[in-house]
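Down below is the structure, laid out as structure tokens.
For ligands, and for the atoms within them, numbers begin at 1 and follow the listed sequence. The basis for the numbers below is simple: all heavy atoms, side chains too, and nothing from hydrogens, waters or symmetry mates.
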Amino acid sequence: DKAGHKHFMAKEIAEQPQVIGEAVNHYLPAGGDAVVLPGEGIDFSRVERLTMVACGTAFYACLTAKYWFEQLARLPVEVDIASEFRYREPPVSPGTLALFVSQSGETADTLAALRYCQDKAAQIVSVVNVPESSIARESDLALPIHAGVEIGVASTKAFTCQLSVLLMLALKAAADRGTISPEERADRIADLRGLPQAINAALDRNDEIRAAAQRLSEARDVLFLGRGAMYPLALEGALKLKEISYIHAEGYASGELKHGPIALIDKQMPVVVMAPHDDLFDKTVSNMQEVMARKGKVVLISDEAGIAEAQEGTWATVRMPAIHPLLAPILYAVPAQLLAYHAAVAKGTDVDQPRNLAKSVTVE
Ligand code: F6R
């Protein structure tokens, strides 16, 4: 049942305020001020290193979480694609917490990577949407993301719920390791509780995003740029666009632009820049100017302050509410998803069942 939406993907994008709210309430029970995990939980003060493994969109959730675990908890993090990890057979030290992220919980490569870690890591934890799945069952601890059934092949609400759960885990890690002040922790918890409202405000920018997407739908190639924790989101934005609209798209760390991809820039080339007005904003703006100087068409996704400062010469802008930089990747996922969705609708592709793709990849 699409609940009045044209596609499951649109329905699932619209459900995000509600399901993220559920995920947050689940791990941050009302009235309390601490992240609560089920079962034996995790004691991060005993973890020496975190290894995160996943595929596709779930892999990008892990890449984002690396910034959070490093910054908040000062924990060394490795992130790997499951199909590479499992055959490389990397050394896994006994102090390692191995974390697997999977919407379906049935992805063959992720499951094989988990099994490889079983007699090596200190603890096997999974972040899953399907609690009865193989990956959940074979973990020491399974953390559900509470996204509800996801039908659209392109993952949307599962991604933002994965991110929300991973951010709460990083806050727990910081508390366990004594790397965050009680005040900062309380502020970030308040930010997490405010996420559903912020996501609603992002969804309200739908018309603006659709207008930008209609322009993007005519392009042959699109580049996505982001810095810091927005870099993995640039990768996710590009993946979403190619999956459902079949437009060739690449995500790059903004700082990598001049190391190659800038050669592609000409007047046919839209560049989506995801840049909240944070500490790295000025650097991203100078990358944007390099694009515009070569006649590249910039779609700037930023907040009020960022757009006021840098909109001159852009092709389109999308205004997000202001948010603490730590939570920006979760919020900015919404315009990334809607850009891909509206570009696909404009092209008339099969949004919920893109060609050649399966919802759950249970064979390699
Ligand atoms: C992209 C997408 C895929 C999955 C990947 C992993 O929109 O849906 O990239 O994220 O196949 O699937 P799970 O999370 O089920 O392991």
Which ring-ring contact (aromatic ring centres under 6.0 Å, His included) pairs, counting each pair once, include a residue from residues 338-364, with sequence neighbours left out? His7-Tyr341

Would Asp109 and Thr107 count as having a side-chain donor-acceptor pair, cut-off 3.5 Å? no

Just which atoms of ligand 1 are under 4.0 Å from any heavy atom in Ala154? 7 (O)

Is there side-chain contact between Lys347 and Ile247, with at least one heavy-atom pair below 4.5 Å? yes

For ligand 1, which atoms, with element, lie under 4.0 Å from some heavy atom of Lys240? 1 (C), 7 (O)

I'd like to check Arg319 versus Glu304 (side-chain heavy atoms, cut-off strictly below 4.5 Å). Are they in contact? yes

Within the supplied structure, the quantity of interest is the number of heavy atoms (other residues, nucleotides, ligands) at a distance under 6.0 Å from Asp279 CG; does it exceed 12? no

Gln16 and Thr160: side-chain donor and acceptor closer than 3.5 Å? yes

Just to be sure I read this right, does ligand 1 sit under 4.0 Å from the backbone of Glu243, its side chain, both, or neither, counting only heavy atoms? side chain

Got the closest protein heavy atom to atom 16 (O) of ligand 1, with its distance? Thr107 OG1, 2.4 Å

Say whether Thr57 and Ser155, considering side chains only, have a donor N or O and an acceptor N or O under 3.5 Å apart. no

Side chain to side chain, Ile301 and Val272, heavy atoms closer than 4.5 Å: yes

Top protein contact for atom 6 (C) of ligand 1, by heavy-atom distance: Cys55 O, 3.3 Å

Return the closest protein heavy atom for atom 8 (O) of ligand 1 as residue, atom name and distance. Val153 O, 3.3 Å

Under 3.5 Å between some N or O of ligand 1 and some N or O of Lys359? no

Nearest protein heavy atom to atom 14 (O) of ligand 1, by residue and atom, and its distance? Gln103 N, 2.6 Å

Got the closest protein heavy atom to atom 11 (O) of ligand 1, with its distance? Val361 CG2, 4.1 Å

Pairwise side-chain contact, Val222 with Leu241, heavy-atom cut-off 4.5 Å (strictly under): yes

Just heavy atoms, cut-off under 4.0 Å: does Thr110 contact ligand 1 by side chain, backbone, both, or neither? neither

Quick one: look up the protein heavy atom nearest atom 3 (C) of ligand 1 and list residue, atom name and how far away it is. Thr57 N, 4.1 Å

Which residue and non-hydrogen atom of the protein lie closest to atom 15 (O) of ligand 1, and at what distance in Å? Ser104 OG, 2.7 Å

Which atoms from ligand 1 have a heavy atom of Ala58 less than 4.0 Å away? 10 (O), 14 (O)

